[in-house]
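What follows is one structure encoded as structure tokens, with my remarks underneath.
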Amino acid sequence: MSTENEGTAAPATPAAPSAPPAPQPADAPQAAAPAAPAVPAAPAPLTGAAEPVTQQLPPMPAPGAEPTQQIPPGAAPPYAAAAGSAPAPAAHGAEGWPPPPPTVPAYGHGGGHGGGAWGAPLTANGAPQPKPKGRGGLIAGVLAAALLAGGIGGGVGYWAADRSNNGTGSTTISAGSTPKELKRDAGSIAGLAAGALPSVVTIEASAGDGEGGTGTGFVYDQQGHILTNNHVVASAANGGKLTATFSDGKKYEAEVVGRAQGYDVAVLKLKNPPAGLKPLPLGDSEKVAVGDPTIAIGAPFGLSNTVTTGIVSAKNRPVASGDGSGSKNSYMSALQTDASINPGNSGGPLLDGRGAVIGINSAIQSAGNGGFGGGQAGSIGLGFAIPINQAKNVAEQLIKTGKPVYPVISVSVDLQAKSEGAKISEQGAPANELVDPNGPAGKAGLKPGDIITELGGKPVDSGPTLISLIWTYKPGDTVKLTYLRGGKPTTVDITLGSRVGDK
């Protein structure tokens with residue numbers, strides 16, 4: 001419960017007396033009337049609350065009291081002090097005027113300074129009970145403040161209504177009529193999410209030994225193919241169990257059609273797909289611009305049908321979803337987004353502002369482990385998605401043949417080299433294995449030790465970046481490559497070769 005703008009609560013004003021004091025003759029000297037009793041000081045506001053309201057509330061008549069006394073023109077009201085004069089003493093009692101000042105309320109004990117908790121009951125000996133310790137005391141204080149503030153609002157509302165009934169002008173403010181049915185535009189986030197959720201599934205994968213996990217996928221076509229990440233289904237790929245649960249709670253068994261570890265893409269197929277499957281529309285990830293809105297749907301930490309939003313934070317971000325040093329890593333030239341992505345979002349769709357899929361959510365930068373992927377740390381606003389143009393090419397190949405096909409230049413890259421580019425390895429294998437003389441790079445004249453600095457007009461700053469960029473193309477594509485040898489740059493055309501399957 002928020003404590004902001006609650007202000008300082010005031011005690012209830014005592015009811016007006018049954019009869020006002022007798023009027024004095026016009027020629028009699030008028031004594032200055034005492035000032036109205038001031039509202040007693042409230043306790044200091046809770047830590048974190050807004051500054052207390054300092055405006056004094058006017059006295060409020062009790063229910064059923066007579067209307068406000070009419071004051072002759074020019075005469076000072078009997079309950080107000082004349083300007084610059086001291087209040088005259090007055091007797092208090094059944095016939096006294098003004099009424100006696102209110103007693104000190106329990107929550108204002110000691111003038112609001114150093115007293116007990118607001119509304120704290122007294123012990124048997126009359127002393128206030130000790131303040132509760134810890135968070136419970138704060139919650140109790142907040143609750144009391146809210147109730148007191150509500151009481152003030154009720155009093156003001158009654159006073160305004162009483163004035164209105166007496167013909168002094170209405171102070172009521174009426175809100176506009178509430179629509180009977182709240183309609184959301186189909187292009188709003190709520191509308192786009194409502195349209196996409198029925199086509200997103202929560203995937204549960206379990207291996208024979210009990211290992212497994214939860215991820216996300218989405219309907220790729222009406223035949224029942226589901227697109228997701230390889231790492232979501234890898235544990236169940238060989239003899240395990242896979243299920244896909246839709247947003248309506250209906251669960252279907254599934255099987256792996258094909259998976260590509262290097263791309264971190266996999267295709268499943270529902271064993272008994274329901275009729276009327278609605279594939280999500282695919283966008284064009286090449287036309288995405290930094291700043292475009294994004295919507296991520298998935299099952300973070302098993303919480304199915306979770307929707308988060310953000311923007312495209314960057315494009316062509318080289319990401320290795322493993323540890324970046326082995327042959328089992330996955331590489332992508334990713335779309336970066338600040339939409340919240342957590343473990344369990346993997347494999348889910350990243351939508352654009354039209355509801356079209358522009359990427360597959362795959363990895364996060366974690367503050368907990370300092371690396372990509374792995375671990376159970378939460379989102380820090382650095383999520384990465386495989387561009388859908390690349391994922392679509394991989395999916396079509398997997399559906400067609402069950403195996404991935406990778407574009408290659410047939411060189412061995414030193415992933416640990418500290419250079420301004422991707423360095424071709426100089427040791428660890430014979431020269432003809434480090435650079436295949438019959439491969440694309442060998443035919444273009446590259447040799448061990450050359451440093452590749454650019455591919456397809458995009459800068460290359462490391463081995464993982466080079467691999468990520470190569471895999472955005474298809475086998476047979478011709479691209480320009482720039483490399484350094486002895487500090488001298490050379491640019492050549494390379495026609496990409498192919499490799500079938502994962503190593």
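Bear in mind that the values here come from a model prediction, so they are computed numbers and not experimental data. In this chain, residues are counted from 1 in sequence order.
- Here the OH atom belonging to Tyr483 is positioned 11.0 Å from the OG1 atom belonging to Thr453, to the nearest 0.5 angstrom.
- Residues meeting the salt bridge (charged side-chain N to carboxylate O under 4.0 Å, His left out) test with Glu420, sequence neighbours left out: none.
- Between the CD1 atom in Ile494 and the NZ atom in Lys480 there is a gap of 11.0 Å [rounded to 0.5 Å].
- Counting heavy-atom neighbours within 6.0 Å of Ile399 CD1, excluding the residue itself, gives a total above 12.
- More than 12 non-hydrogen atoms from other residues, nucleotides or ligands lie less than 6.0 angstrom from CZ of Arg499.
- The neighbour count for Asn272 CG, taken as heavy atoms of other residues, nucleotides or ligands under 6.0 Å away, does not exceed 12.
- Within the 3.5 Å criterion, the main-chain N or O of Pro407 finds no donor-acceptor partner in the side chain of Tyr473.
- Checked against salt bridge (charged side-chain N to carboxylate O under 4.0 Å, His left out), Glu286 has no partners two or more places apart in sequence or in another chain.
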Which is it for Asn316 and Thr472 under the side-chain contact (heavy atoms from CB on, under 4.5 Å) test, yes or no, and what are the steps along the way? CA-CA 10 Å; Asn316 303 314; Thr472 63; 5.9 Å; no

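- Counting heavy atoms from C-beta on, the side chains of Asp264 and Ile360 never come closer than 4.5 Å.
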Take Ser247 and Asn305, measure what side-chain hydrogen bond (donor to acceptor under 3.5 Å, both in side chains) needs, and give me the verdict at the end. CA-CA 6 Å; Ser247 60; Asn305 310 316; 4.8 Å; no

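- Few gaps surround NZ on Lys271; more than 12 heavy atoms of other groups in view lie less than 6.0 Å from it.
- At least one side-chain heavy atom of Leu455 sits less than 4.5 Å from a side-chain heavy atom of Val479.
- Contact between Leu270 and Ala244 at its shortest, heavy atoms only, is CD2-CB, 3.8 Å.
- For the atom pair CD1 of Ile470 and OG of Ser333, the computed distance is 11.5 Å after rounding to the nearest 0.5 Å.
- For the pair Pro343/Phe301, a side-chain contact is recorded, criterion being any heavy-atom separation below 4.5 Å from C-beta on.
- Expressed to the nearest 0.5 Å, how far CD1 of Ile226 lies from CD of Gln223 amounts to 11.5 Å.
- The heavy-atom pair separating Val233 from Ile203 by the smallest distance is CG1-CG2, 4.4 Å.
- Side-chain contact between Leu268 and Thr228 is present, with at least one heavy-atom pair separated by less than 4.5 Å.
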Mind running side-chain hydrogen bond (donor to acceptor under 3.5 Å, both in side chains) on Asn389 and Ser285 for me, showing each step along the way? CA-CA 6 Å; Asn389 289 16; Ser285 52; 3.1 Å; yes

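- Asn230 places none of its side-chain heavy atoms less than 4.5 Å from the side chain of Ser330.
- Looking only at distances, no side-chain donor or acceptor of Asp414 sits under 3.5 Å from a matching main-chain atom of Ser425.
- In summary, the side chains of Thr308 and Ser340 do not present any donor paired with an acceptor at a separation below 3.5 Å, with no hydrogens or angles considered.
- One distance of note links CG of Leu469 with CG of Leu481; it measures 10.5 Å at 0.5 Å rounding.
- Note that the CG atom of Asn345 and the CG atom of Leu303 stand 9.5 Å from one another [nearest 0.5 Å].
- Ring planes of Tyr252 and Phe246: perpendicular class, angle over 60° (limits at 30 and 60°).
- Using a 4.5 Å heavy-atom cutoff, the side chains of Pro404 and Leu398 are in contact.
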Intermediate values then yes/no, side-chain hydrogen bond (donor to acceptor under 3.5 Å, both in side chains), Glu396 and Tyr220: CA-CA 10 Å; Glu396 292 294 336; Tyr220 183 72; 2.6 Å; yes

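- For the side-chain contact (heavy atoms from CB on, under 4.5 Å) with Ile452, the qualifying choice from Ile409, Val413, Thr465 is Ile409, the only one to do so.
- Considering only heavy atoms from C-beta on, Ser199 stays 4.5 Å or farther from Phe218 through its side chain.
- Donor-acceptor pairing under 3.5 Å is lacking for the side chains of Asp493 and Thr478.
- The main-chain N or O of Ser410 is never found under 3.5 Å from a side-chain atom of Asp436 such that the two would form a donor-acceptor pair.
- Closest approach of Lys474 and Asp477 over heavy atoms only: N-OD2, 2.9 Å.
- Heavy atoms from other residues, nucleotides or ligands lying under 6.0 Å from CZ of Arg354 number 12 at most.
- The two atoms that bring Pro349 and Asn361 nearest to each other are O-ND2, 3.2 Å, heavy atoms only.
- Between Gln427 and Leu434, the shortest heavy-atom contact is N-CD1, 3.8 Å.
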Quick one: do Ser346 and His231 satisfy side-chain hydrogen bond (donor to acceptor under 3.5 Å, both in side chains)? Show the steps, please. CA-CA 8 Å; Ser346 293; His231 74 261; 3.0 Å; yes

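- More than 12 heavy atoms of other residues, nucleotides or ligands shown are found within 6.0 angstrom of NZ on Lys315.
- Partner Arg317 forms a side-chain contact (heavy atoms from CB on, under 4.5 Å) with one of Gln336, Gln365, Met332 and no other, that one being Gln336.
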Walk me through whether Asp352 and Val288 qualify under side-chain contact (heavy atoms from CB on, under 4.5 Å). CA-CA 8 Å; Asp352 63 12; Val288 169; 5.8 Å; no

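- Side-chain contact between Pro464 and Leu415 is present, with at least one heavy-atom pair separated by less than 4.5 Å.
- Nearest heavy atom pair, residue Val319 against residue Ala334, reads CG2-CB, 4.1 Å.
- In this structure Thr337 satisfies the side chain to side chain donor-acceptor pair (under 3.5 Å) test together with Thr294, sequence neighbours excluded.
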